[in-house]
K.L.:
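Below is the structure I would like to discuss, written out as structure tokens.
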Amino acid sequence: MTNCTNELSTTYNAREIENETYKFWEDNNLFVADAKSNKEAYSIVIPPPNVTGVLHMGHALDGTLQDILIRYNRMLGKEVLWMPGCDHAGIATQNVIEKNLAKEGLSRHDIGREKFLAKTWQWADEHKNRILEQFKLLGASFDLSRKRFTLDKGCSDAVKKVFVDLYNKGLIYKGSYIVNWCPRCQSAISDIETNYETEDGNLWEISYALKDEMGAIVIATTRPETMFGDAAIAVNPNDFKYKDLIGKTCVMPLTGRQIPIIADDYVDKSFGTGALKITPAHDPNDFEVGLRHNLPQIKVIDEKGCMMRNEFVPPQIQGLSREEAREKTVKMLEENQVLVKVTKHIHNVGKCQRCNTTIEPLLSKQWFVKMEPLAKPAIEAVKTGSIKFIPERWEKNYLMWMENIRDWCISRQLWWGHQIPAYYHNKTGEMIVALENPDSDNYTQDTDVLDTWFSSGLWPFETMGWPDTESDDYKKFYPTSTLVTGFDIIFFWVARMITMGLEFTKKPPFSTVYIHGLIRDEHGQKMSKSKGNTVDPVDLIEKYGCDALRFTLTSLCTYGGQDIKISSEKFDYGRNFANKIWNASRYVLMNITKQRNELEFNLNNLSLADKWIINELNKTINEVNENIKNYRIGEVASILYEFFWNKYCDWYIELSKIEKNETVLVHVLDNFLKLLHPIMPHITEAIWQKIPTNKNTKSIINSNYPQFDEKLVFKDDSKKMETVFETIKALRNIRAEFNIPLNSKIDIIVDNNEDLYNQIIPYLNKLAKVNSTKFEKNSDYSKSAYCIVNDTKITIPLEDLIDINQEILRQKKKIEKLESELKSILARLNNKKFIESAPFDVVEKTKTKKEELESEIKIIENTIKKLI
RNA sequence: GGGCGUUUAGCUCAGUUGGUAGAGCGCUUCCCUUACAAGGAAGAUGUCGGGAGUUCGAGCCUCUCAACGCCCACCA
């Protein structure tokens with residue numbers, strides 16, 4: 001950017017400035033990290049957005065917060081790396097490609113694995129830059145020269161190594177278990193990819209006749225179509241009503257197959273009939289019961305969710321879908337008069353997180369990670385504080401999950417992803433798990449791929465060069481510093497990174513997990529395309545500007561990480577602030593006459609106002625640093641807003657129109673821009689480059705973040721200045737109350753504090769339109785309005801302008817207020833226990849307050865007497 | 001069933017060691033004062049969800065109740 005003029009354009013055009021500024025940063029490679037630097041490192045890895053994705057509000061929030069931390073730490077002088085990249089998003093991406101194929105009437109099987117993958121790669125390559133390009137619109141200062149993809153060579157090498165190592169340690173195994181099977185995705189999915197929805201269903205009670213004797217046992221089920229896979233009927237061992245039946249055999253209706261009646265603690269006596277049919281191949285709990293009792297696993301539903309064609313399923317039912325089979329089975333049971341009862345029953349049904357298809361619990365051969373041994377150190381790391389969650393309450397959540405962890409099903413029957421590095425001998429079926437195929441003529445690789453989260457679980461170190469632990473990036477930037485993400489992926493992602501990171505690098509992958517809330521629509525609903533309630537951050541950026549978006553989002557972040565409800569009007573807040581900054585800066589720049597080297601301010605030559613604003617700035621610097629360090633980022637936004645708008649603009653700039661100190665005017669703006677830069681990077685950069693202060697860098701990005709300076713504390717002078725503001729406000733209030741037009745000036749009589757008021761006459765004249773100021777002890781005027789500021793009474797003789805009754809009323813209202821306050825203070829002071837037990841300074845403060853109130857009330861009472 | 005969160009001004013929400021409540025928007029009145037009407041000045045508005053307790057003192061701590069929301073578990 002050029003720097004030939006001090007002037008800013010008269011109107012603030014956010015998009016123009018933002019585009020120019022971002023280009024300036026990129027052209028100058030300002031985001032590229034130097035792994036050989038001697039500076040202390042600070043690094044963040046981006047939660048890799050799905051390659052299929054487009055930028056949404058969640059990214060906008062998450063990206064903004066990361067960028068704030070990155071920019072702040074960069075300005076603290078650290079060597080900073082923000083690692084960008086995308087996730088291959090197994091199921092999500094495959095779904096997109098399959099949908100495209102479906103338009104041509106094809107399935108992936110029609111074109112085969114190889115062609116399908118080629119197509120998917122082509123699509124991914126075309127799209128993999130899209131979302132990161134959109135992140136640029138957010139002002140993201142990530143290092144694109146290091147951009148990674150979870151399916152690139154480095155990641156895939158890391159994945160293979162991790163898989164093989166875990167397998168060799170016995171922490172990965174292959175086995176037949178009940179898994180959550182999605183008949184639409186045609187794949188197993190993990191427990192946490194399964195969501196449960198409440199549905200209305202029925203509870204059918206079916207009578208199973210006893211073998212070789214009279215009588216029957218009635219079981220209750222919500223899924224009668226699975227009965228063909230029954231292996232037993234179970235009752236609770238302590239259930240006296242079934243005691244005699246345990247060990248007997250019954251005959252199944254419709255098929256006549258014989259199954260035993262067994263006893264198991266799992267059965268709840270009070271539910272349904274107290275008797276439960278056991279279907280080990282189609283229910284996770286029944287599967288467990290089946291193992292305990294050595295029952296056969298009879299599969300009657302296939303991978304497409306249809307009834308199998310085998311000897312267990314009656315011919316009329318074979319090949320039917322789950323839903324059809326249920327209807328038909330019930331009908332047949334009815335015809336056979338074994339359906340005892342049907343009751344309405346509300347229950348939870350598992351759904352595929354990706355496509356919302358009802359899950360079929362299915363017996364199948366899958367790969368699993370044995371989680372318990374891996375979870376142990378991951379629990380310790382959080383318990384001992386080597387990894388901290390902000391806010392802390394998420395630690396409990398994390399620990400509860402980790403302490404009850406179950407094995408992780410990692411195989412997916414998809415094509416898009418990391419193919420499992422297991423190889424089977426074509427003839428013997430012998431299995432070898434290895435980094436490479438031992439003999440491609442005789443061995444065929446496992447066709448399954450790994451869960452997407454398997455590779456993203458390695459993200460913090462696979463992107464840093466691991467397994468090469470001697471690589472520059474790994475040595476410099478691993479472990480990373482902070483992980484920023486929403487609570488919705490603590491289990492999916494954060495927990496896995498911690499376990500994998502500890503297992504393979506022996507270090508926690510990050511020291512702090514900063515968890516923010518989720519973005520919701522204005523009614524608190526989750527945003528989703530299907531609901532049509534999404535707000536597009538790109539639209540918001542076009543309309544309000546990126547900085548406005550960032551500032552607003554930041555200001556909505558609470559320390560507790562509450563969810564954030566947004567509607568587009570909320571972004572007026574940030575836009576107005578940006579506009580204010582622009583205009584105030586424009587004013588300052590227009591008023592600078594001094595040269596660059598004359599703009600250092602001189603401590604010995606400061607007015608009351610100068611000292612006040614310098615003191616305020618210093619306080620702000622302190623608070624901002626403290627709050628960022630403690631992840632109270634929303635607080636930072638409001639501190640800076642308040643400082644700039646209500647202090648610098650409303651007072652200091654106004655005062656500067658009366659008595660100008662260019663050096664301070666610029667100094668404060670310069671520091672403010674630096675303080676704000678992490679949140680609003682573009683506007684601060686654009687203005688900062690125009691400010692004629694001495695700089696040792698061409699970009700604010702590389703300037704130093706302001707730090708608190710003991711030498712710039714001016715407590716007493718600041719207090720005096722506060723008195724000035726109170727006086728001006730009081731006088732303005734009188735003007736408003738009595739409708740005194742701006743062009744008619746007022747005279748005032750001040751009865752105390754002559755020194756101070758003498759100093760500030762010009763301020764009073766300009767900001768409260770005072771004509772003359774007289775000093776008079778024990779002043780005594782009738783036909784006047786009054787205000788009392790601290791210990792000073794100010795009289796405004798208004799002669800005919802004033803309605804005396806109005807003024808009396810006004811003063812009486814004030815007394816009322818003061819007296820009610822005094823009453824509660826007196827109550828406290830008259831309480832012996834308060835005096836005894838409250839801390840000294842609180843008691844003193846209360847006493848002082850009492851005296852102030854009393855004296856103020858006295859003054860007002862006297863003036864009222866005068867008026868009457 | 002277990003856990004967590006929320007309840008504060010008309011609306012959206014802040015409120016960091018307990019000392020009597022704040023912001024933005026909206027509202028009322030006035031002002032296009034040469035940085036800004038996306039602005040300026042002056043205002044109004046709250047038994048801090050209900051109840052009880054601890055304390056000299058509670059929006060904040062404890063208990064309890066209520067409403068709403070989320071997560072985990074998945075009893076057929």
Side-chain angles (χ1 to χ4, degrees), chain A residues 8 10-12 191-192 194 196 203-204 219-223 226 234 266-268 270-273 275-279 283-286 345 347-350 393-394 396-397 400-401 404 487-488 490-491 517-518 520 522 524 526 544 548 552 555-556 558-567 569-570 572-573 575-591 626-627 630 632 634-635 638 641-642 646 649-650 653-654 657 728-729 732-737 739 741-743 766-767 769 821 824-825 827-828 831-839 841-843 845-846:
Chain A
L8 296 177
T10 45
T11 52
Y12 165 59
D191 293 335
I192 47 177
T194 309
Y196 287 87
L203 192 62
W204 285 277
I219 58 91
T221 180
T222 55
R223 298 199 60 195
T226 63
Y266 163 70
V267 182
D268 179 353
S270 59
F271 187 89
T273 60
L276 170 62
K277 71 185 201 57
I278 300 297
T279 319
D283 181 280
N285 292 307
D286 291 7
H345 181 62
H347 61 146
N348 289 331
V349 177
R393 69 188 150 90
W394 293 111
K396 195 172 176 183
N397 204 272
M400 265 169 48
W401 192 70
N404 296 296
F487 60 78
D488 52 335
I490 290 179
F491 303 147
L518 265 33
R520 297 176 177 280
E522 54 197 313
K526 223 174 186 169
Y544 296 91
T552 303
S555 71
L556 293 172
T558 63
Y559 181 67
Q562 291 302 318
D563 286 354
I564 296 170
K565 283 198 255 177
I566 60 157
S567 55
E569 308 85 65
K570 282 199 173 171
D572 284 343
Y573 183 61
R575 184 199 48 184
N576 294 354
F577 188 43
N579 191 243
K580 187 78 178 174
I581 294 166
W582 186 261
N583 283 301
S585 303
R586 194 157 66 87
Y587 173 81
V588 172
L589 288 172
M590 275 175 359
N591 279 281
E626 286 307 304
N627 280 292
N630 292 310
R632 294 172 184 274
E635 190 67 11
S638 45
Y641 183 95
E642 143 93 6
N646 303 123
C649 292
D650 288 353
I653 287 186
E654 290 309 312
K657 292 175 181 173
I728 291 169
K729 277 193 207 160
R732 281 172 174 172
N733 175 275
I734 287 170
R735 298 190 73 102
E737 294 263 342
N739 290 319
L742 274 170
N743 52 16
K766 170 93 194 228
L767 298 180
K769 304 279 179 197
E821 204 180 333
S824 81
I825 289 213
R828 256 190 282 172
N831 187 333
K832 257 190 197 165
K833 285 193 170 170
F834 172 71
I835 306 287
E836 283 165 13
S837 36
D841 60 316
V842 172
V843 177
K845 235 168 89 181
T846 312

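So that the names make sense, note that chain A is the first sequence line, chain B the second, and so on, each numbered from 1.
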K.L.:
Taking only residues two or more places apart in sequence, or in another chain, which ones meet A/K526 in a side-chain hydrogen bond (donor to acceptor under 3.5 Å, both in side chains)?
P.N.:
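By the side-chain hydrogen bond (donor to acceptor under 3.5 Å, both in side chains) rule, A/K526 matches no residue at all.
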K.L.:
Does A/T552 reach the side chain of A/F577, with side-chain heavy atoms less than 4.5 Å apart?
P.N.:
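No, every pair of side-chain atoms sits at 4.5 Å or beyond.
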K.L.:
State which of B/U12, B/G19, B/C4 makes the closest approach to the side chain of A/K570.
P.N.:
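From the listed options, B/U12 comes nearest.
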K.L.:
What residues form a ring-ring contact (aromatic ring centres under 6.0 Å, His included) with A/F271, not counting sequence neighbours?
P.N.:
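Scan of A/F271 (ring-ring contact (aromatic ring centres under 6.0 Å, His included), adjacent residues dropped) gives A/H345.
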K.L.:
Any chance you could encode RNA chain B as dot-bracket? Rule is Watson-Crick or G-U wobble with both distances under 3.5 Å; [ ] for pairs crossing earlier ones, | for another strand.
P.N.:
(((((((..((((.....[..)))).(((((.......))))).....(((((..]....))))))))))))....
K.L.:
Base, sugar-phosphate, or nothing: which does A/K396 touch, judged by heavy atoms less than 4.0 Å apart?
P.N.:
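Answer is sugar-phosphate: A/K396 comes under 4.0 Å of backbone atoms only.
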K.L.:
With RNA chain B as reference, determine whether A/A220 or A/G560 sits nearer its 5' end, using the nearest nucleotide of each.
P.N.:
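On the 5' side of the pair lies A/G560.
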K.L.:
Atom OH of A/Y12 to atom P of B/G39: distance rounded to whole Å?
P.N.:
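Rounded to whole Å, this separation is 14 Å.
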K.L.:
Which of these nucleotides, B/C74, B/G40, B/G3, is closest to any side-chain atom of A/Y196?
P.N.:
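In terms of side-chain proximity for A/Y196, the closest of B/C74, B/G40, B/G3 is B/C74.
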K.L.:
Quick one: pull up CD1 in A/I566 and CZ in A/R520 and give me the separation to the nearest 0.5 Å.
P.N.:
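Spacing of CD1 (A/I566) from CZ (A/R520) equals 12.0 Å.
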K.L.:
Using side-chain hydrogen bond (donor to acceptor under 3.5 Å, both in side chains) as the criterion, list what pairs up with A/N579, not counting sequence neighbours.
P.N.:
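Expected list: A/N583.
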K.L.:
A/K833 side chain N/O closer than 4.0 Å to the phosphate oxygens (OP1, OP2) of B/U55?
P.N.:
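A/K833 to B/U55 OP1/OP2: no side-chain N or O under 4.0 Å.
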K.L.:
Rounding to an integer number of Å, can you tell me how far A/R393 CZ sits from B/G3 C1'?
P.N.:
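So the CZ-C1' distance, A/R393 to B/G3, works out to 12 Å.
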K.L.:
Of the options B/C13, B/A38, B/A35, whose atoms approach the side-chain atoms of A/K565 most closely?
P.N.:
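Closest nucleotide to the A/K565 side chain: B/C13.
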K.L.:
Among B/G3, B/G19, B/C70, which is the nearest nucleotide to the side chain of A/F487?
P.N.:
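Nearest to the side-chain atoms of A/F487, counting from C-beta on, is B/C70.
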K.L.:
Not counting sequence neighbours, which residues clear salt bridge (charged side-chain N to carboxylate O under 4.0 Å, His left out) with A/K766? List them please.
P.N.:
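Salt bridge (charged side-chain N to carboxylate O under 4.0 Å, His left out) list for A/K766, sorted by chain: empty.
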K.L.:
Is the phosphate of B/A14 approached by A/S638 (side-chain N or O, under 4.0 Å from OP1 or OP2)?
P.N.:
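Checking A/S638 against B/A14: no side-chain N or O falls below 4.0 Å of OP1 or OP2.
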K.L.:
Between B/G18 atom P and A/D841 atom CG, what is the distance in whole Å?
P.N.:
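After rounding, the reported distance stands at 14 Å.
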K.L.:
Under 4.0 Å between a side-chain N or O of A/K657 and OP1 or OP2 of B/A35?
P.N.:
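The answer is yes; a side-chain N or O of A/K657 sits under 4.0 Å from OP1 or OP2.
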K.L.:
What are the two closest non-hydrogen atoms of A/G272 and A/A220, and how far apart are they?
P.N.:
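Taking A/G272 first and A/A220 second, the nearest heavy atoms are CA-CB, 4.1 Å.
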K.L.:
Say we look at B/C13 and B/U8: how far apart would their P atoms be, to the nearest angstrom?
P.N.:
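Here B/C13 and B/U8 have their P atoms 9 Å from each other.
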K.L.:
Please state the C1' separation for the pair B/U34 and B/G39 - nearest whole angstrom.
P.N.:
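14 Å, rounded to whole Å.
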K.L.:
Would you mind telling me which of B/C56, B/C70, B/A35 lies closest to the side-chain atoms of A/R520?
P.N.:
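Shortest atom-to-atom distance from the side chain points to B/C70.
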K.L.:
Want to settle it: does A/E635 or A/K845 sit nearer the 5' end of RNA chain B, counting the closest nucleotide to each?
P.N.:
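Taking each residue's closest nucleotide, the earlier one in sequence belongs to A/E635.
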K.L.:
Over how many whole Å does the gap from A/Y559 atom OH to B/U17 atom P extend?
P.N.:
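Whole-Å distance recorded here is 12 Å.
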K.L.:
Answer with yes or no whether A/N348 presents, from its side chain, a donor or acceptor under 3.5 Å of a partner atom in the base of B/C74.
P.N.:
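Per atom types, the contact qualifies.
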K.L.:
To the nearest Å, give me how far apart CG (A/D563) and P (B/C70) are.
P.N.:
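The distance from CG of A/D563 to P of B/C70 comes to 10 Å, rounded to the nearest Å.
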K.L.:
For nucleotides 41-44 of chain B, give me every protein contact, N/O to N/O, under 3.5 Å, one pair per line with atom names.
P.N.:
| from | atom 1 | to | atom 2 | distance (Å) |
| --- | --- | --- | --- | --- |
| B/A41 | O3' | A/R732 | NH1 | 3.4 |
| B/A42 | O3' | A/N733 | ND2 | 3.1 |
| B/G43 | OP1 | A/N733 | ND2 | 2.4 |

K.L.:
Atom CD1 of A/I564 to atom P of B/C13: distance rounded to whole Å?
P.N.:
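Checked: the CD1 to P distance equals 10 Å.
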K.L.:
Checking all strands, does A/T221 fall into the base, sugar-phosphate, or nothing category for heavy-atom contacts under 4.0 angstrom?
P.N.:
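If one applies the 4.0 Å heavy-atom cut-off, A/T221 turns out to touch the sugar-phosphate alone, with no base involved.
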K.L.:
Using only heavy-atom distances, decide whether a donor-acceptor pair under 3.5 angstrom links the side-chain of A/E654 to the base of B/A35.
P.N.:
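Side chain to base: pair found, below 3.5 Å.
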K.L.:
Closest approach to the side chain of A/Q562, judged atom by atom: which nucleotide of B/C56, B/A76, B/G5 is it?
P.N.:
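Of all the options, the side chain of A/Q562 is nearest to B/G5.
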K.L.:
Assign A/V267 to base, sugar-phosphate, or nothing according to its heavy-atom contacts below 4.0 angstrom with the strands shown.
P.N.:
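Base contact - A/V267 has a heavy atom under 4.0 Å of at least one base atom.
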K.L.:
Got a sec, which residues hit ring-ring contact (aromatic ring centres under 6.0 Å, His included) with A/Y12, two or more places apart in sequence or on another chain?
P.N.:
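Checked A/Y12 against ring-ring contact (aromatic ring centres under 6.0 Å, His included); matches are A/W582.
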K.L.:
Side-chain N or O of A/H345 versus OP1/OP2 of B/A76: is the shortest distance under 4.0 Å?
P.N.:
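For B/A76, OP1 or OP2 has a side-chain N or O of A/H345 closer than 4.0 Å.
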K.L.:
Do A/F487 and A/N397 have side chains that get closer than 4.5 Å, going by heavy atoms?
P.N.:
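They are not in side-chain contact.
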K.L.:
Tell me every residue that passes salt bridge (charged side-chain N to carboxylate O under 4.0 Å, His left out) with A/E642, counting only those two or more places apart in sequence or in another chain.
P.N.:
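With sequence neighbours excluded, A/E642 shows a salt bridge (charged side-chain N to carboxylate O under 4.0 Å, His left out) to A/K647, given in chain and number order.
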K.L.:
Indicate, with a heavy-atom threshold strictly under 4.0 Å, whether A/P839 touches base, sugar-phosphate, or nothing.
P.N.:
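It contacts base atoms.
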K.L.:
Select one nucleotide: of B/U16, B/A35, B/A76, the one nearest the side-chain heavy atoms of A/M590.
P.N.:
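My answer, after comparing the listed nucleotides, is B/A35.
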K.L.:
Among residues at least two apart in sequence or on other chains, which ones pass side-chain hydrogen bond (donor to acceptor under 3.5 Å, both in side chains) with A/N591?
P.N.:
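By the side-chain hydrogen bond (donor to acceptor under 3.5 Å, both in side chains) rule, A/N591 matches no residue at all.
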K.L.:
List the protein contact pattern of nucleotides 20-31 of chain B with one symbol per nucleotide (5' to 3'): B for base contact, S for sugar-phosphate-only contact, - for none; contact means a heavy-atom distance under 4.0 Å.
P.N.:
B---S-------
K.L.:
Across the strands shown, which category fits A/N831 at heavy-atom distances under 4.0 angstrom: base, sugar-phosphate, nothing?
P.N.:
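It contacts sugar-phosphate atoms only.
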K.L.:
Within the structure shown, what part of the strands sits under 4.0 Å from A/E821 by heavy-atom distance: base, sugar-phosphate, or nothing?
P.N.:
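No contact.
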K.L.:
Which part of the nucleic acid, if any, lies within contact of A/F577, taking any heavy atom under 4.0 Å across all strands shown: a base, the sugar-phosphate backbone alone, or nothing?
P.N.:
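The residue A/F577 makes no contact with any strand.
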K.L.:
Using whole Å, report how far CG of A/L518 lies from C1' of B/C71.
P.N.:
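My rounded result for the distance is 12 Å.
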K.L.:
Quick one: A/L276 CG to B/C74 P, roughly how many Å, whole number?
P.N.:
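Going from CG in A/L276 over to P in B/C74 covers 15 Å.
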K.L.:
Rounded to the nearest 0.5 Å, how far apart are OH of A/Y587 and CG of A/L8?
P.N.:
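Going from OH on A/Y587 over to CG on A/L8, the span is 14.5 Å.
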K.L.:
Not counting sequence neighbours, which residues clear side-chain hydrogen bond (donor to acceptor under 3.5 Å, both in side chains) with A/S638? List them please.
P.N.:
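For A/S638, no residue satisfies side-chain hydrogen bond (donor to acceptor under 3.5 Å, both in side chains) once neighbours in sequence are set aside.
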K.L.:
A/D572: which residues meet the salt bridge (charged side-chain N to carboxylate O under 4.0 Å, His left out) condition with it, sequence neighbours left out?
P.N.:
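Checked A/D572 against salt bridge (charged side-chain N to carboxylate O under 4.0 Å, His left out); matches are A/R575.
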